[in-house]
Protein chains: 4
Amino acid sequence: MNVEVGVLGATGNVGQRFVQLLEDHPWFELSAVTASESSAGKPYREAANWRLPVEMPEEARDIQVESTDVSSISDDVEIVFSALPSSVAQDVEPEFAEEGFFVASNAGWARMDDDVPLVIPEVNPDHLHLLEVQEDERSWNGGLVKNPNCSAITMTPTLAGLQSHGLSEVTVATLQAVSGAGYDGVTSMEIIDNVLPYIGKEEGKMETEPRKILGEFTGAEVEEADVDISATCNRVATVDGHLENIWCGFTDAVDAGGAEEAMESLESLDLPSAPEEPVVVRPEPDRPQPRLDRDAGEGMTITAGRVRDDGSGVKYSCLSHNTIRGAAGASLLNAELIARDHL
Amino acid sequence: MNVEVGVLGATGNVGQRFVQLLEDHPWFELSAVTASESSAGKPYREAANWRLPVEMPEEARDIQVESTDVSSISDDVEIVFSALPSSVAQDVEPEFAEEGFFVASNAGWARMDDDVPLVIPEVNPDHLHLLEVQEDERSWNGGLVKNPNCSAITMTPTLAGLQSHGLSEVTVATLQAVSGAGYDGVTSMEIIDNVLPYIGKEEGKMETEPRKILGEFTGAEVEEADVDISATCNRVATVDGHLENIWCGFTDAVDAGGAEEAMESLESLDLPSAPEEPVVVRPEPDRPQPRLDRDAGEGMTITAGRVRDDGSGVKYSCLSHNTIRGAAGASLLNAELIARDHL
Amino acid sequence: MNVEVGVLGATGNVGQRFVQLLEDHPWFELSAVTASESSAGKPYREAANWRLPVEMPEEARDIQVESTDVSSISDDVEIVFSALPSSVAQDVEPEFAEEGFFVASNAGWARMDDDVPLVIPEVNPDHLHLLEVQEDERSWNGGLVKNPNCSAITMTPTLAGLQSHGLSEVTVATLQAVSGAGYDGVTSMEIIDNVLPYIGKEEGKMETEPRKILGEFTGAEVEEADVDISATCNRVATVDGHLENIWCGFTDAVDAGGAEEAMESLESLDLPSAPEEPVVVRPEPDRPQPRLDRDAGEGMTITAGRVRDDGSGVKYSCLSHNTIRGAAGASLLNAELIARDHL
Amino acid sequence: MNVEVGVLGATGNVGQRFVQLLEDHPWFELSAVTASESSAGKPYREAANWRLPVEMPEEARDIQVESTDVSSISDDVEIVFSALPSSVAQDVEPEFAEEGFFVASNAGWARMDDDVPLVIPEVNPDHLHLLEVQEDERSWNGGLVKNPNCSAITMTPTLAGLQSHGLSEVTVATLQAVSGAGYDGVTSMEIIDNVLPYIGKEEGKMETEPRKILGEFTGAEVEEADVDISATCNRVATVDGHLENIWCGFTDAVDAGGAEEAMESLESLDLPSAPEEPVVVRPEPDRPQPRLDRDAGEGMTITAGRVRDDGSGVKYSCLSHNTIRGAAGASLLNAELIARDHL
């Protein structure tokens, strides 16, 4: 397979991750990058203030940055990744989808729209069939697929396994990394020797998105899972890696051993960016830790641990790399699923 | 009132806080400090590796350090503060209590013993009458009073107000400061760009101690409050200030406004170290924050915020200065209550 | 003495420090605060996003914010403190000075102008007589006085003492706190587990400003001191407190003991904000430390340490609180000197 | 080539790095690991509290840990890496060398001994001939080779290039990562929102070791280079990566361009762990940064930047990964040189 792809908003935090993850991709070839007007016309190496601790991929350095406009991208491109801010994305993404591009988007808008698949490939690949509903309703030549918010994506795969036990209630506290807010999102004065006990709109996303992802696709729509979720979100002084403390209630009784087994039962996919194990449960009492576990499975494995009985339910912690599994890697995996099954 | 006091284990993290807080105390005069054998005989200024960001009190600099032994402390001392590690405290504290000293202890052992008062003065001052039970049972000439663990003390005053609404269930996630582990308790490699998702024995303390503090003193014993508590404890990269995310369930329905009012209803005491307001609820969406709020009320006020409806219950966050309100200041306040009512 | 004062740019990082330091000032009464157009008309408590770990002063809460315009400030105000960004300050400060206000400015522009006094009161109070030169040249009814950049102010008082030994050469490496860049100046992603080895324009300021401050006022002008300075500036993950490593060369030979004595010889002034000791030399091998020493003398004392022989010169480290001694406190002390000697 | 190797002190910070770097090594096969008595007999996976953010190598997991004793290591092992604390190393390393092992040691003792090569392979590979002197003098069947201290190794390769211009004087300030002190070496309370302005014995090492490394091997001994070095060492809140600010004086005049060229002239070696470029000079004004540059060349490349004229000399900053290029990787590269040229 050889598919030309582009990255919309390629100079920002998540945009740079897309460019990095696409280096030497076996199926996808990066042939277009966009950014704001002021960067258009420059080679990517000049337009992007590269801040990842690995070198900028050779193949990206000389690509000319285009403005984020559907007319500036060649028809040869089949998939575009969107790292755009949500406010821009809601105008731009439909234009690309209409024009025939498949848009694998990390932006927040439209995630809960009825005909937009919100997908974690290992959890609900069948929701991708919503693309057919979408095509009927919107008459787009392409399509729009979303991945969840980084904080939702961290816990949802662990919850997916627990559904078989009648998962009914989730309480979650997050300890999120600063990269989730974008490069300039959290100032140093806010976070040194401190915690921010609030992240705007984050709790709402955590309380709704998993219900859709864990829901059932009926052929025409997704029926949300009947799980009550209550979230409290905090920002802590870590660069990457969202850690979450989770309490689960069930209609059936579940113990820690059963919960561990259920979490690890999630199967891996045969896709280039899919990790060997989507969820790993570590036995040590003091894991997962952001700095030690965020890079598991090249940043695509979710690490759980501290699974304990809690009354008739269980509690545990889990962690993912928020800009890989929680953002760029998530869109990439969605695109791989599309490429394999829908192109 | 003029009461001579001593500090057991005066050179460590909490011990230094005791010495600092006793500077210019209107009732108490520091006249004895103890440490391990190797420091005995030295003046305090030499024995203590002083690491607080304020200068060592003048009055403490020349006090000669004694070994932590009941025979080395003058009878003129009436109250001793214990900043000893629990393993040492369980041998030493009974000896002091037997000899006639009142021991205001921050050490973990014996907190749940039936005849040992576990007290937060604004919450359960009447539990101090357990000292009479203690005297009957142990034939001590003095007495032993405990304050709770720093993580338990942070949330318990907020829960106390909520009891009037039929508080039945508490879920709590903590983001605790490194000073809670003692000066050498957390290495820098463990916490830079990281979170430790586990603190040994901490969750058990949070799940039991508040039940006793919120319980009812019958005249002969304390009947524990019927509140289910489930805790998950994390260590984050803050120097001081434990932040806690809390979800409360009730037998009655409560809304956020009612909860705020209930929390703030806790009354202040007329004691030298009692803050004007034991619990303050801040209206800003992003408070409490450790660096900004830990010093409220000279470190003795607990700051709550983000009080929100949560189904038929509420959720909120709260914060205290863990080495002041959560340790040295807690014992000091207990001692002031004893001095006023029991000496 | 009772002098009405105003703060220009009162809602930013340094502006908030001015407001805090003016609380209960014995001579000055805060009666005017300015900010950008969008804040004008609001009470200060609403306009300022207060981020200091102490409460906003009662007396400031209800002051109505004016736009930063000379016509909006009452004539009753005699001194204005400027916490404006340099680009704004260069337009605004001359207007205030012309109109009759004394401007005690922390902004960078004009510091090296021939007729503008650049003053650290304990070091070169006589330079304030440049105000007379300024009056002659500019026909202003008021005057403009500058304090140095925060990184220059940290080392200059220690250098002042060393001048008596023929100080000729200074090499300095800085480890500066993030607050020096303003609230939004350094993002968290730049500084967690990292150092920024570069601060725009900072090195030039360090290499020139001390030469003027240490220079001699001839009655008509300041002759710069003949000291070669070479600086390298780094930003580290501290909230407040600039630490500097310094190597000094001399025309005479000096040893560590002589250097310590010379540094501590700087005399304190009898002004409300002057610390008892402008420079303290600590004997411990591992001081000064930002977190432990920045608050010495309420943030106005400079702490030196590690004074060692270095060939025929000496090397040492020193530290100051960059937003107090290095910014707001510096301007305040200048204003106190003006108020005492020039109003 | 197939050489069996062992790691002495394999469970500590640097020991773990050795084990990691030896994974899949083309020449070396890890067949022995030692630790303290209490770990002897356990498989490595149980004895080591593994804290690196990559998984423990498969091949190391089941190796049985031996006590650090020459009699416990098989004769088939030819090279042992020493990650021992210096106090232990000085007793143990000679025993291994006498018995016929080549000891590639990171420990501090004996670095300045006349007949012990102190080597950075790209800088002074010929010093390895001191092994012949050593053999004559000590009658050891094996040999002892040292790499410099991590702070010395960071700057020395950059200084090596500058020697051709008559390097005569070096002033250096360091901003060192906490991992350099070992896992427990720096507590979190010492470093959060803080800098430690002192590292015991570090400055002496920086001021002497480079003189030996940059010295000339005459065939019988090393004549130290005539370079005056003055160092000040600081510990900052970074996990890995020592950053250094350097000022150089020369007997000839040098400008920034010439200095850059000289630094980059250091040639790479054809050894498995040698990076393609030993020293890279980055053009950006704000590099090198610890988090972004420490992993250059898999942690073996030294990154310089900010090269500027400074009077008739130059100043610049440089950085290396202190536990790879500065410790385990340094010993490993020495061992590769020995294996190629001396076995």
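Side-chain atoms are counted along with the backbone in the values below, which use heavy atoms only and exclude waters and symmetry mates. Chain A is the first sequence line, chain B the second, and so forth, proteins listed ahead of strands; every chain is numbered from 1.
Comparing C:Asp193, C:Val195, C:Leu196 by how many heavy-atom pairs each has under 4.5 Å with chain D, the most go to C:Asp193. Taking D:Leu292, D:Ile191, D:Leu243, D:Val239 one by one and counting their heavy-atom pairs under 4.5 Å with chain C, the maximum is reached by D:Val239. When each of C:Thr232, C:Ile199, C:Val178 is checked for heavy-atom pairs under 4.5 Å with chain D, C:Thr232 comes out on top. The candidate with the highest count of non-hydrogen atom pairs below 4.5 Å against chain C, out of D:Ala177, D:Gly241, D:Pro290, is D:Pro290.
We find the CD-CG distance between C:Glu244 and D:Asn234 to be 11.5 Å, quoted to the nearest 0.5 Å. How far CD1 of C:Ile192 is from OG1 of D:Thr238: 13.0 Å, rounded to the nearest 0.5 Å. How far CG of C:Leu175 is from CG of D:Leu175: 4.0 Å, rounded to the nearest 0.5 Å. Of the inter-residue distances, the one linking D:Thr174 atom OG1 with C:Asn245 atom CG reads 8.0 Å to the nearest 0.5 angstrom.
By the 6.0 Å contact criterion, CG on C:Asp226 is open, its count of non-hydrogen atoms from other residues, nucleotides or ligands being 12 or less. Other residues, nucleotides and ligands contribute more than 12 heavy atoms inside 6.0 Å of the CD atom of D:Glu284.
For C:Glu203, the part lying under 4.5 angstrom from a heavy atom of chain D is the side chain only. Contacts between C:Leu319 and chain D at a heavy-atom distance below 4.5 Å are absent for every atom of the residue. In this structure, chain D has a heavy atom under 4.5 Å from the side chain of C:Val236, while its backbone stays farther away. Heavy atoms of C:Asp286 lying under 4.5 Å from chain D belong to its backbone as well as its side chain. Only the backbone of C:Asp240 comes within contact range of chain D, with at least one heavy atom under 4.5 Å from a heavy atom of that chain.
Taking all atoms of both residues into account, the shortest heavy-atom contact from D:Trp247 to C:Val172 is CZ2-O, 3.4 Å.
Checked for salt-bridge contact, C:Glu207 and D:Arg308 miss the test: no charged N lies under 4.0 Å from a carboxylate O.
With hydrogens and angles left out, the side-chain atoms of D:Lys315 and C:Ser230 include a donor and acceptor closer than 3.5 Å.
Looking at C:Pro197 and D:Gln289, their side chains come closer than 4.5 Å, going by heavy atoms from C-beta outward.
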